[in-house]
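In what follows, residues are counted from 1 in the order of the sequence shown. This one's a predicted model, so the numbers in the text were calculated from it and none came from an experiment.
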Amino acid sequence: MDDPWATFGRDLHLDLSGSGGVRTSLMRALREAVRTGRLAPGTRLPSSRSLAADLGIARNTVADAYAELVAEGWLSARQGSGTRVARRAEPLRPAPPARRAAPARVPDRPRYDLRPGTPDVSAFPRAAWLAASRRAITAAPSEAFGYGPPLGRPELRTVLADYLARARGVRTDPERILICTGFMQGLGLLARALRGAGVQEIGSEAYGLHFHRDVLTRAGLRSVPLPVDPYGADTERLADLTGVRAALLTPAHQFPTGVPLHPGRRAAVIDWARSTGGLVLEDDYDGEFRYDRQPVGAVQGLDPDRVAYLGTASKSLAPALRLAWMVLPDHLVEPVLALKSTGEWQTAALEQLTLAEFLGSGAYDRHVRGMRLRYRRRRDQLVSALAGQAPHIRVSGIAAGLHVVLELPPGTEQSVVQAARWQGLALEGLSSFAHPAAADGGTPRDALVVAYGRPPEHAFAGALEALLRVLPPVP
């Protein structure tokens, strides 16, 4: 409806068409008239009775529209002076033409990404997770929708205790499991608890993730590198490091070199911890994915009083869930819980309940079995392609996890990474994971850390072809 309104000595057309009803349309039309300057600040509006008669609508409709626009600040109303356009409701004025700036350069996104750290998130079991979520929410007690206990939901801690014992050889009970918002939170809590107990130095593998070392540093701990060789971290060195009272290790599948901790060194680190009162922080980030044999059990099973076990759903399911867990020695439960209770993020209870249902129903085991087959097939494809087209490139590390290490000719790592970038392929060299205090990681070599588990299924063949194109030729 388009009706003339000539109350102000000139025609003012209010278009009351559109969705939302007459009152909504009238308010929209009046706002637009003020915005564009057709109704100047201070202009007196007709009475609600007069405007309603002109427009052929109910007086209450106009009165309600006026009242709401007054409340919003578009109009003002005073006893005896009627309703006016608010003085502060200045019309929009066209901005002076701005000089066209050069478009910002958008960083190029790689066409293929083989950097480690993320699983194939396209394989997340959406339907099964949704079904588990519905069951979990339906069965959840009312108190589960409030602020949860700092340890985490008891439903999840109970099923985790059973699962970890069965799948990873972890010895625990639910009261020693603490649910975290990701591995980094758990590591930070442990590091702060250790610093509070007087620990100043912690051993960490000479190859590893720099942001894990950063967490330790922020907690006030000095990270001392442990050399890594084909037998894993050299834990026997701990006996000579008199100031070190804790050690962060990836025993099942050293990251990033891909080797397991030798049985003798597993025993050595437990002996060290017992004799010194030290603590082993066991990062079991991908222990469920072993392809040539049954996964090696967690070190925690050797001595639950001297090992803090850290696990996560980030590799088995997806990083977006922000679900991780710690299995703590008895003497650390209260100190870590006290830290988490002073403002640390609490993990969302509904996700915890869903994971508990996912584990308890067997859906988690089925998903892990399926992903184990998928990742094993990809690793086999990679190894086979290298054997056929680049036999001089050696694959090191065990058949496990989501990444593999490719040994390169000396001096070629950086040029290969750069060439890959030009080809739209994201890669990382082994040197980028070296501890700054031991730049050679204990074993100087050029290599690539290739995450065959990261690309979605449809992109893996293309990523593999791109990788083969950038590898150096036979020397």
Side-chain angles (χ1 to χ4, degrees), residues 113 116-140 152-153 155-170 177 179-183 186 252-253 255 283-298 309-325 327 347-381 398-404 451-460:
D113 197 340
T118 302
D120 180 0
V121 294
S122 71
F124 181 77
R126 302 181 192 216
W129 185 262
L130 181 59
S133 178
R134 286 174 175 160
R135 293 193 300 269
I137 291 175
T138 300
R153 291 299 308 175
E155 298 91 339
L156 178 55
R157 291 186 283 111
T158 299
V159 295
L160 268 175
D162 292 339
Y163 174 78
L164 293 173
R166 171 171 55 84
R168 302 298 301 127
V170 171
I177 297 178
I179 307 301
C180 308
T181 304
F183 172 87
H253 189 218
F255 185 87
D283 177 5
D284 197 34
Y285 68 101
D286 68 354
E288 294 152 314
F289 296 109
R290 183 76 186 255
Y291 312 126
D292 57 346
R293 50 166 287 176
Q294 285 294 110
V296 176
Y309 174 93
L310 297 97
T312 176
S314 292
K315 302 300 183 291
S316 57
L317 285 169
L321 294 178
R322 309 313 305 139
L323 286 170
W325 43 88
V327 178
T347 306
L350 298 185
E351 278 77 1
Q352 293 184 59
L353 291 171
T354 301
L355 181 57
E357 171 64 28
F358 203 68
L359 279 161
S361 68
Y364 184 85
D365 288 83
R366 290 190 293 273
H367 173 71
V368 168
R369 284 197 299 270
M371 296 310 296
R372 193 181 289 132
L373 291 173
R374 175 178 296 202
Y375 294 143
R376 177 177 182 172
R377 183 169 61 247
R378 290 189 188 182
R379 188 182 188 280
D380 289 346
Q381 285 180 256
I398 60 174
L402 283 70
H403 73 277
V404 70
Y452 54 81
R454 182 168 190 155
E457 193 72 9
H458 70 273
F460 179 67

#### Entry: Shortest non-hydrogen separation from D113 to P455 and the atoms involved
O-CG, 3.8 Å

### salt bridge (Lys or Arg N to Asp or Glu O under 4.0 Å) evaluation trace for K315 with D286
CA-CA 6 Å; K315 302 300 183 291; D286 68 354; over 6 Å; no

### Message
With a 3.5 Å distance limit and no angle check, can you tell me whether Y375 reaches the backbone of D120 through a side-chain donor-acceptor pair?
### Response
yes

### Task
Would you check if T347 and R322 make a side-chain contact, meaning some heavy-atom pair closer than 4.5 Å?
no

### Whether over 12 other heavy atoms sit under 6.0 Å from R166 CZ
yes

### Task
Assign the ring pair H403 / Y285 to parallel, tilted or perpendicular, where the plane angle (0 to 90°) is split at 30° and 60°.
parallel

### Task
Provide the closest heavy-atom pair for R290 versus A400 in the form atom of the first, atom of the second, distance.
CD-CB, 3.7 Å

### Task
Please report the C-alpha distance between R374 and E457 in whole Å, then the side-chain angles of each, then the deciding distance to 0.1 Å, and finally whether the salt bridge (Lys or Arg N to Asp or Glu O under 4.0 Å) criterion is met.
CA-CA 9 Å; R374 175 178 296 202; E457 193 72 9; 3.6 Å; yes

### Task
Please list, chain by chain and in numerical order, all residues satisfying side chain to side chain contact (heavy atoms under 4.5 Å, CB included) with D284, sequence neighbours excluded.
R168, A252, Y309

### Message
Less than 6.0 angstrom from the centroid, inside 45 degrees of the normal: does R378 satisfy that with respect to the ring of F460?
### Response
yes

#### Entry: Closest non-hydrogen atom pair, L359 against D365
O-OD1, 4.5 Å

### Message
Looking at every heavy atom in both A399 and D292, which two are closest together, and how far apart are they?
### Response
O-OD1, 3.7 Å

### Listed once per pair and sorted, the side chain to side chain donor-acceptor pair (under 3.5 Å) pairs that draw on residues 352-364, sequence neighbours left out
R135-E357, E288-Y364, S316-Y364

#### Entry: Closest non-hydrogen atom pair, T312 against L323
OG1-O, 3.5 Å

### Query
If we only count heavy atoms from C-beta on, is the R153 to I179 side-chain gap below 4.5 Å?
no

## Note on the structure
Closest non-hydrogen atoms of V159 and A356, given as atom of the first, atom of the second and distance, are CG2-CA, 3.8 Å

### Query
Looking only at atom types and distance, does a side-chain atom of S133 sit under 3.5 Å from a main-chain N or O of W129, one as donor and one as acceptor?
no

